[in-house]
Amino acid sequence: MSESAKLTIGSQEIELPVIRGSEDEPAIDISKLRASTGFITLDDGYGNTGSCKSDITFIDGEKGILRYRGIPIEELAEKSRFVEVAWLLIHGKLPTSEELRGFSDLLTQNQNLHEDMKHHFEAFPAMAHPMAILSSMINASSCFYPGLNDKELRVDRFPIHSARLLSQVRTIAAFSYRKSRGLPILYPKPELKYSENFLHMMFSEPYRDYQMSDVVVRALDLIFLLHADHEQNCSTSTVRMVASSQANMFASAAAGVCALWGPLHGGANQAVVEMLEAIHADSDDGSRFIRDAKDKTKGKRLMGFGHRVYRNYDPRARIIKKACDDLFDALEHSDPLLDIAKTLEKAALEDDYFIERKLYPNVDFYSGIILRALGIPTEMFPVIFAIGRMPGWIANFKEILEEPHSRIYRPRQIYTGQVNQSYVPVDERS
Ligand code: ACO
């Protein structure tokens, strides 16, 4: 017998279907509630709303579990690489060696931007934030690929369009950095792998190649991999929302970049490092900042702490913290910000305010410190996040594209404004 839930509204009793996910997570299906009762549900910030069914990523926030297509993030972080994980997320299974080679070749063949795109870069002011450039340029790229908006071609050409987007996001990101520094643009090299190529385009000089170090390449690749998907977060939901109107993949991803930009989401890695720098400049050991972060009148938060879904240690933060220590050991590098971060973490984890609210470090708490050690400037941190998140956005876009009964996303609201009133001409208004 199928499960159901009973809802009583006044004298009316309604039976609502219960559905369960493959990890047995239960949900009450309220999609017919309004039609049968006139009621909608209200869930500010969507904290309790499942917006879709998805096969891509599973999170158990209470237990601190994250799996891509069923594979634990810890295993992928140890054994896989970003490009393989991108395939896994987009296609739903690990690639064969032939598929992986084909995918890597496709990324290489599509890594160059259309030459005319370079003119667009010229128009941005030197101080432009690279996230503004990234979202604009991803959207602008769509102008160069006819057929993106055609429903049938969107399905047929999905492999090539997704490879273009995944490969070119890295090229656009590096170009935007070089533009912001007044440096000449460097093209990707076909012989370099995904993460190597990004480092090359960022840091090589016209006559002197960036010296690749395995440790550095691996650290960057790991950051990309750990950000590759995270189910229905703010930016991914935005991508799905835009995709649901049948907008093209580039437009949907450009919207995802905008949603990711804010400090409560993908901008948090930048905000964490800026917070740590401010604490350092104030000669604070972190205790004053923790006190302020607990005081609601101060308007401060311990950036890199807390998560809507995790009420436990974010498993990505655990992996990144270890990667940070390993990188610093390998490079014989030190950073006072890492010491401050560790002091802050210890203090917060022992503090009743953070314990009661189940606030733990999230992925962004240590990732910025790694990126600093790699020489990536702070304003580029959210861009790194966006490059990493691209496979997840593409995989979510694909779910919408392939859903035969896909409907436009259109939430409702409870209206709290003025009730019906008449227009008053301007000279009769008091
Ligand atoms: N520092 C201090 N207090 C916090 C923090 C924090 N970082 N995070 C949450 N709180 C407090 C809130 O003030 C609130 O307290 P109250 O119950 O006394 O009012 C309580 O914890 C619950 O917080 P909410 O804002 O309701 O939690 P929500 O789930 O809406 O927000 C979020 C989650 C945005 C991540 C929040 O924890 C936050 O702002 N963290 C800092 C920014 C950050 O690190 N963002 C990155 C998230 S991970 C990612 O996007 C990749």
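Whatever order the structure lists them in is the order used to number ligands and atoms, beginning at 1.
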Using every non-hydrogen atom in the two residues, find where Lys118 and Ile185 come nearest and quote the distance to one decimal. CD-CD1, 4.4 Å

Give me the nearest non-hydrogen protein atom to atom 35 (C) of ligand 1 as residue plus atom name, then the distance to 0.1 Å. Gly306 O, 3.6 Å

Heavy-atom contacts with Val363 under 4.0 Å: which atoms of ligand 1 show up? List them by number with element. 51 (C)

Any salt bridge linking Asp352 with Arg357? Criterion: basic side-chain nitrogen under 4.0 Å from a carboxylate oxygen. no

Quick look: Asp314 vs ligand 1, heavy-atom contacts under 4.0 Å, and the answer is neither

Can you pull out the closest protein heavy atom to atom 7 (N) of ligand 1? Residue, atom name and distance to 0.1 Å, please. Leu302 O, 2.8 Å

Proximal ligand 1 atoms for Ala293, defined as those under 4.0 Å from one of its heavy atoms: 2 (C)

Thr41 and Asp43: side chain donor to acceptor below 3.5 Å: no

For Gly304 and ligand 1, answer yes if some heavy atom of the residue is under 4.0 Å from a ligand atom, otherwise no. yes

Within the structure, is a non-hydrogen atom of Phe365 found at a distance of less than 4.0 Å from ligand 1? no

Which atoms of ligand 1 have any heavy atom of Asp364 under 4.0 Å away? 46 (C), 48 (S), 49 (C), 51 (C)

Provide the closest heavy-atom pair for Tyr46 versus Pro411 in the form atom of the first, atom of the second, distance. OH-CG, 3.6 Å

Atom 27 (O) of ligand 1: any protein heavy atom closer than 4.0 Å: no

Would you check the N or O atoms of Leu264, main chain and side chain alike, for any that come under 3.5 Å of an N or O of ligand 1? yes

Do NZ/NE/NH1/NH2 and the carboxylate oxygens of Lys346 and Glu350 come within less than 4.0 Å? yes

Which heavy atom of the protein is the closest neighbour of atom 30 (O) of ligand 1, given with residue, atom name and distance? Arg308 NH2, 2.9 Å

Would the distance check show the side chain of Thr49 and the main-chain N or O of Ser51 forming a donor-acceptor pair, the cut-off being under 3.5 Å? no

Under 4.0 Å, heavy atoms only, figure out whether ligand 1 is touched by the backbone of His265, its side chain, both or neither. both

A cation-pi test, strictly: NZ or CZ of Arg170 under 6.0 Å from the centre of the six-membered ring of Phe198 and no more than 45 degrees from its axis. Yes or no? no

Using a 4.0 Å heavy-atom threshold (strictly under), name the region of Asn362 that reaches ligand 1: side chain, backbone, both or neither. side chain

Taking Glu15 first and then Lys32, would you say they form a salt bridge - that is, a charged N and a carboxylate O separated by under 4.0 Å? no

A student checking ligand 1 against Ala268 at a 4.0 Å heavy-atom cut-off should list atoms 43 (C), 44 (O), 45 (N), 46 (C)

Are any of the heavy atoms in Lys296 under 4.0 Å away from ligand 1? yes

What protein heavy atom is closest to atom 42 (C) of ligand 1, reported as residue, atom name and distance in Å? Met303 CE, 3.5 Å

Nearest non-hydrogen protein atom, atom 8 (N) of ligand 1: Leu359 CD2, 3.7 Å

Electrostatic pair Glu84-Arg101, nearest N-O below 4.0 angstrom: no

Considering only the protein, which heavy-atom contact is closest to atom 31 (O) of ligand 1, and what is its distance? Arg301 NH1, 4.4 Å

Whether Trp87 and Phe103 hold their rings parallel, tilted or perpendicular, with breakpoints at 30° and 60°: perpendicular

min-distance protein heavy atom vs atom 48 (S) of ligand 1 -> His307 CD2, 3.6 Å

Scan the protein's non-hydrogen atoms and note whether one is under 4.0 Å from atom 50 (O) of ligand 1. yes

Any donor-acceptor N or O pair under 3.5 Å, side chains Glu399, Ser54: yes

Taking all atoms of both residues into account, what is the closest heavy-atom pair of Ala271 and Pro263, and its distance? CB-CB, 4.4 Å

Is there any N or O on Tyr353 that sits under 3.5 Å from an N or O of ligand 1? yes

Considering only heavy atoms, does Val272 approach ligand 1 within less than 4.0 Å through its side chain, its backbone, both, or neither? neither

Counting from 1, what ligand 1 atoms have a heavy atom of Phe385 closer than 4.0 Å? 51 (C)

Is there a polar contact between ligand 1 and Phe305, counting only N or O atoms under 3.5 Å apart? yes

Among protein heavy atoms, which lies nearest atom 20 (C) of ligand 1, and at what distance? Arg357 CD, 3.8 Å

So does Ile71 get a backbone contact from the side chain of Arg67, meaning a donor-acceptor N/O pair under 3.5 Å? no

Nearest heavy atoms of His230 and Asn233, plus distance in Å: O-ND2, 3.1 Å

Does the protein place a non-hydrogen atom closer than 4.0 angstrom to atom 22 (C) of ligand 1? no

Are more than 12 heavy atoms from other residues, nucleotides or ligands located less than 6.0 Å from atom CG of Asp214? no

